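Throughout, numbering of the chain's residues begins at 1 and tracks the sequence. For clarity, every value in this text was computed on a predicted model and none was experimentally measured.
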Amino acid sequence: MPKRYLNILLLCTTFAVVKGQTGGDNVYEFLNLTISGRVAAIGGSNVSLHSADLNLAYHNPALLNSGTDQMLALSYVNYFAGINYGMAMYGKSFGNTGNFAAGLTYLNYGTFTEADVNGDITGSFRASEYAFSFLYSKPIDSLFSLGINFKPVLSYLERYSSYGLALDIGAGWRNSSGLCSAGLVIKNIGVQLTTYAGEARQKLPFEIQAGVSQKLAYAPFRLSLTLRHLEKFDLTHDYLSDASSDEESKKNSGFIENALRHAIVGLEFIPHKSFYLSAGYNYQRRQELKVDSKSSAAGFSWGFGINTSCFDFGLGRATYHLAGSSTHISVVLKTGNIYKRFRK
């Protein structure tokens, strides 16, 4: 397989043809894909929602708590161009010892036609990537918790393969009323152990995220603000093209533009504990993927969730571009409750 095809595969989870995004210069970019349907609906990233939802622990291991005991989380995402990915994870709590979870995330790029240098079809090949997750969290006291997620990574692109190790370190906090919660995550600390074809080792998609969620005391709404890429301020690329603008205007616009690109805003409407509607806005995604000549919903997302005693269901729909949207489906099976019900 020509090396140019390998490079194309490595960039499949990014949109490198549009306005200078963050990403595309690291290996294992799939580690930052949104897994949870609930998180997808509120903008694509969240590290602060403290809830009995095992899917949230993938985004911040400190959110793994005793409420996720004996839960089986299953997620599936219908992505673009025949790509799909998903996750399976099971959680278990052991009292004062802490909370544990283990799972597998996969990304399937699909089947590709293989051709030689003359363009003659010689067959087909597949490409896929996998990351195991081994999570542990421990409450420090009634308000604070810490967590880690150890992630061995396997990547197979045609006959080429690569292996690596990644680690997420997270912290969580919530106030005594439970209405306000916050989180901080240092993501994808690690190394590429083996490369695909003897090239130099590449960096992992390291990122620092922080966020806060606030539920209103007397109204069925919860607001979330998540800040991404705190390790890097400048997330733009040649977005100021007007040469006639003065330097001070460019400087001010640059600061405001960069500040907004770090922020993701989410809103949840919770009329009942068993149901919620949600929406989100990702400014960075919109700036990278919008088409100036035509209006679109790029950067916006929405979804809903249903919670029962035996399972939780969440769906998120995220608009990336005029070309289409992605659908994120998450199901959490409360195996402990299901077992008790079958015993009756």
Side-chain angles (χ1 to χ4, degrees), residues 15 18-19 21-23 32-51 53 55-56 58-60 62-63 77 170-175 178-185 187 207-236 239 253-271 275-290 295-305 314-321 325-328 330:
F15 294 84
V18 293
K19 302 179 180 178
Q21 317 79 339
T22 296
N32 282 335
L33 290 172
T34 302
I35 297 295
S36 166
R38 185 178 182 183
V39 173
I42 54 177
S45 291
N46 188 284
V47 298
S48 58
L49 275 177
H50 191 283
S51 174
D53 184 345
N55 284 296
L56 299 177
Y58 181 83
H59 298 274
N60 180 358
L63 297 178
V77 182
W173 169 87
R174 63 172 178 167
N175 65 357
L179 296 177
C180 184
S181 57
L184 173 69
V185 181
K187 299 187 65 176
E207 183 178 351
I208 301 176
Q209 298 181 5
V212 60
S213 297
Q214 176 68 58
K215 189 177 186 301
L216 303 184
Y218 303 106
F221 294 99
R222 176 163 46 217
L223 298 169
S224 293
L225 172 65
T226 304
L227 301 177
R228 298 192 63 211
H229 289 293
L230 296 180
E231 80 287 352
K232 177 182 180 182
F233 180 68
D234 187 0
L235 300 181
T236 64
Y239 62 91
S253 297
F255 178 83
I256 296 172
E257 178 75 9
N258 269 299
L260 290 174
R261 283 177 179 248
H262 287 274
I264 297 174
V265 180
L267 172 65
E268 292 178 290
F269 172 58
I270 315 169
F275 180 75
Y276 66 85
L277 294 170
S278 50
Y281 179 62
N282 187 322
Y283 183 83
Q284 169 80 344
R285 182 185 296 166
R286 179 166 181 82
Q287 292 304 105
E288 291 178 346
L289 301 176
K290 69 180 181 179
S295 61
S296 70
F300 290 92
S301 55
W302 62 272
F304 67 90
L315 181 143
R317 182 78 171 165
T319 303
Y320 287 82
H321 192 267
S325 304
S326 62
T327 302
H328 303 244
S330 296

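- For His50, there are no ring-ring contact (aromatic ring centres under 6.0 Å, His included) partners two or more places apart in sequence or in a different chain.
- Proximity of Glu268 to Leu277: side-chain heavy atoms (C-beta onward) are nowhere separated by under 4.5 Å.
- Annotation for Tyr320 and Leu289: closest pair O-CB, 2.9 Å, computed over non-hydrogen atoms.
- Between Ala40 and His328, the closest heavy-atom pair is CB-CG, 3.5 Å.
- Under the side chain to side chain contact (heavy atoms under 4.5 Å, CB included) criterion, Leu179 pairs with Ser177, Gln214, Lys215, Ala217, sequence neighbours left out.
- Heavy atoms only, all atoms of each residue included: Leu56 and Arg38 are closest at CD1-NH1, 4.0 Å.
- A heavy-atom distance below 4.5 Å is not found between the side chains of Trp302 and Ile42.
- Scanning both residues, Val47 and Gln209, for their nearest heavy atoms gives CG1-OE1, 3.3 Å.
- Side-chain atoms of Asn282 do not come within 3.5 Å of backbone N or O of Gly299 as any donor-acceptor pair.
- Annotation: the span from Lys290 atom NZ to Ser296 atom OG amounts to 9.0 Å, rounded to 0.5 Å.
- With rounding to the nearest 0.5 Å, the separation of CG in Asn55 from OG in Ser330 is 4.0 Å.
- To the nearest 0.5 Å, the span separating CZ on Arg261 from CG on Leu227 amounts to 15.5 Å.
- Rounding to the nearest 0.5 Å places CG of Leu315 at 6.5 Å from OG1 of Thr327.
- Note that CG of Leu267 and CZ of Phe221 are 6.5 Å apart. Values are rounded to the nearest 0.5 Å.
- Contact annotation: the side chain of Val39 never approaches that of Ile35 to less than 4.5 Å [non-hydrogen atoms, C-beta and beyond].
- Contact detail for Gly172 and Ala62: the closest heavy-atom pair is N-CB, 3.6 Å.
- Considering only residues two or more places apart in sequence or on other chains, Ile208 meets the side chain to side chain contact (heavy atoms under 4.5 Å, CB included) condition with Leu184, Ile186, Phe206, Leu230, Glu231.
- Judged as a side chain to side chain contact (heavy atoms under 4.5 Å, CB included), and not counting sequence neighbours, the contacts of Ala171 are Leu146.
- Legend: residues meeting ring-ring contact (aromatic ring centres under 6.0 Å, His included) with Phe300, ordered by chain and number and at least two apart, are Tyr281.
- No salt bridge links Lys232 with Glu207; every basic N to acidic carboxylate O contact stays at or beyond 4.0 Å.
- With sequence neighbours excluded, no residue forms a salt bridge (Lys or Arg N to Asp or Glu O under 4.0 Å) with Arg285.
- For Ser36, there are no side-chain hydrogen bond (donor to acceptor under 3.5 Å, both in side chains) partners two or more places apart in sequence or in a different chain.
- The side-chain hydrogen bond (donor to acceptor under 3.5 Å, both in side chains) search around Tyr276 returns none, not counting sequence neighbours.
- With sequence neighbours excluded, the residues that form a side chain to side chain contact (heavy atoms under 4.5 Å, CB included) with Ser213 are Asn46, Ser48, Leu49, Ser181, Arg222, Ser224.
- Arg174 contributes atom CZ, which lies 10.5 Å from atom CG of Leu63 (distance to the nearest 0.5 angstrom).
- Between Thr319 and Ser325, the shortest heavy-atom distance links the atoms OG1-OG, 3.2 Å.
- Between Thr34 and His59, the closest side-chain pair of non-hydrogen atoms falls below 4.5 Å.
- Aromatic rings of His262 and Phe233 (six-membered ring for Trp) have centroids within the 6.0 Å cut-off, being under it.
- A donor-acceptor pair is defined here as one N or O able to donate and one able to accept, closer than 3.5 Å; such a pair exists between the side chain of Asn258 and the backbone of Leu235.
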